[in-house]
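In what follows, chains carry the letters A, B, and so on, assigned in the order in which the sequence lines appear, proteins first and then strands, with residues in each chain numbered from 1.
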Amino acid sequence: MLDPRRLRTELDVLKKGLARRGVDTSVLDRAAAVDERQRHAVAKRDELRSQINVLSKEVGEAFRSGDKATGERKRDESKTLGEQEKQAEAEAKEAGDELREILLRIPNIPADDAPEGITAEDNVVVRTVGFDERRYDAHQRVPHWDIGAELGILDLERGAKLSGSGFPMFRGAGAAMLRALCQLALDRNADAFEEIRPPTLVRTETMVSTGHLPKFEIEAYHVERDDLWSIPTAEVPLTGQARDEILDADALPIRLMAYSPCFRREAGAAGRDTRGLLRVHEFDKVEIYAFCTPEQAGDVHAELLARAEGSLQALGLPYRVLDLAAGDLGDASRRTFDLEVYAPGADMWLEVSSISWCGDYQARRANVRYRTADGTAMVHTLNGSALATPRVWAALVETYRQPDGSVRIPDALAPYMRGVEVIGPPPPR
RNA sequence: GGAGCGGUGGCAGAGUCUGGUCGAUUGCACCGGUCUUGAAAACCGGAGGCCCGCAAGGGCCCGGGGGUUCGAAUCCCUCCCGCUCCGCCA
């Protein structure tokens, strides 16, 4: 959420920023008008309340001192003012609610150094690591859905039988590899990040705090009976757990990580790049996350990126780093680097991590502050996947497929797989 | 799921029956000072959050929302959360 004060102090700046996303900036004019209306109503209400407070005190004094006539007169006077106050209050509340409704749907202002452009085509490739097109042989040009079926480690049919398409079921070494990947990611970051295992069903307010509601309601699974939402990422509970808190500045940056399942309806993406594990409704992920001061945020952002890259490097997967164009940024983010691994079988770059600096956008929604020398200020929040399983799994089996059809397990991962070094064909079932 | 009790400032804990002088007593923690070679102790002082405003100042906040009243931490309704006991259960 944007700071409503900026609507009156730097409306132009906000408009320029939103325009870079390719968004209609007239909402800002609407918001500014409602803000103006709200402040007028509040001022009027406060003035009336001030008078009522004085009168009420006098009523009490008058009755106590036995001056019944004065007491009754002032009481009636106060009552009249009370009716006006009620009306002003109603206006203030109505305008306040409307302003919040508008603000909750306005995305964050992109950082100045976020690349220009409004589509994914405009994203800038910052660097490509470990990629050499010529290095791949025919045996690596097999898509993971075929490899998975062949080796009996991915059972999409049965996953669909259970829950529908987009709900993969893994078996045997394939299932173990998912756990191994998460364990690896957690272990690699445990030196600096506190591990959290949050709930994965959360309240509406929690989803609002990160920006996933109200605007993207269609993207989330909702449990109606209990009015709870399945989290699309651990970023949601990690942000929400600090809601309404004032953090100790000395404790910042606070680095957290969390393993969690993630649920996404992918409503807007039906039929697009959905084969195999390319786009699924449920998957496991290890998220790395930080609360920090605005001054620390740049460094922390770089740190999260380096951490996420580190896991891919450890697994020996070629990847590239994208600096997202202003228009391709998620709503909450002001600057995002995407990590994409190369999947030779599918011959695609797969997004496996989005490392986002959200500024105070989420902090304001969740009301997470820290103490400063002269008061409080909103923290900055940053998040990114340390490792998202299904796409990394896909890239792994494609990259490490050997001429005989088996899949070699990278050295870094083997210890987490009971020493398994190669996944061969399954025993007959 | 049933019954009972409770939610007050960073924490603990009064105040609620008997509405006004209660944004709120007290203790701990915290910050500054005195004393001390230094520290502790003791003593003195300071200190909640939010909104509007250049400021002066005003308004709001005792879990959330609504109501009664001239006036609500205090009375009423409702929702949420916590604890205890019972039931059920991985």
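Judged by distance alone, with hydrogens and angles left aside, the side-chain atoms of A:Thr293 form a donor-acceptor pair with the main-chain N or O of A:Gln296 at under 3.5 Å.
Across the interface with RNA chain B, nearest-nucleotide mapping of A:Gly60 and A:Arg49 shows A:Gly60 to be the residue nearer the 5′ end. With RNA chain B read from its 5' end, the first of the two nearest nucleotides for A:Glu47 and A:Ser56 is the one closest to A:Ser56.
The pairing partner recorded for B:G53 is none, the criterion being a Watson-Crick or G-U wobble arrangement whose two distances lie under 3.5 angstrom. Partner assigned to B:G45 is B:C31, using Watson-Crick or G-U wobble distances below 3.5 angstrom. A 3.5 Å limit on both hydrogen-bonding distances identifies B:C86 as the Watson-Crick or G-U partner of B:G1.
Scored by the side-chain contact (heavy atoms from CB on, under 4.5 Å) test, A:Ser333 finds A:Leu329, A:Thr336, A:Ser356 as partners (sequence neighbours excluded).
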Practice task
Could you encode protein contacts along nucleotides 48-53 of chain B as a string, one character per nucleotide from 5' to 3', using B for base contact, S for sugar-phosphate-only contact and - for no contact, with a heavy-atom cut-off of under 4.0 Å?
Solution key: -SSSSS
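For A:Phe63 and B:G19, the CZ to P distance is 16 Å, given to the nearest whole Å. Going from atom CD1 of A:Ile52 over to atom P of B:G58 covers 16 Å, rounded to whole Å. As a whole-Å value, the separation of A:Asp248 CG from B:A47 P is 20 Å. Separating the CG atom of A:Asp67 from the C1' atom of B:C70 is a distance of 15 Å, rounded to the nearest angstrom. To the nearest angstrom, P of B:G71 lies 17 Å from CZ of A:Arg73.
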Problem - Full working for salt bridge (charged side-chain N to carboxylate O under 4.0 Å, His left out) between A:Arg179 and A:Asp284 - result: CA-CA 9 Å; A:Arg179 271 188 310 103; A:Asp284 289 348; over 6 Å; no
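At B:C60, none of the side-chain N or O atoms of A:Arg45 fall inside 4.0 Å of OP1 or OP2 (strictly under the cut-off). Between A:Lys86 and B:U68 there is a side-chain polar atom (N or O) within less than 4.0 angstrom of OP1 or OP2.
Annotation: A:Lys215, atom NZ; neighbour count of heavy atoms from other residues, nucleotides and ligands within 6.0 Å is above 12. Enclosure of atom CD in A:Glu205 by more than 12 non-hydrogen atoms of other residues, nucleotides or ligands within 6.0 angstrom is indicated.
Side chain of A:Asn53, nearest nucleotide from B:U68, B:G71, B:G59: B:G59. Comparing atom distances between the A:Arg75 side chain and each of B:G59, B:U68, B:C70 picks out B:C70 as nearest.
Counting non-hydrogen atoms under 4.0 angstrom, A:Lys44 reaches nothing in the nucleic acid.
For residues 190-199 of chain A, the side chain to side chain donor-acceptor pair (under 3.5 Å) pairs, not counting sequence neighbours, are A:Asp191-A:Arg307.
For the pairing with A:Glu85, the side chain to side chain donor-acceptor pair (under 3.5 Å) check across A:Arg45, A:Lys44, A:Arg49 returns one residue only, A:Arg49.
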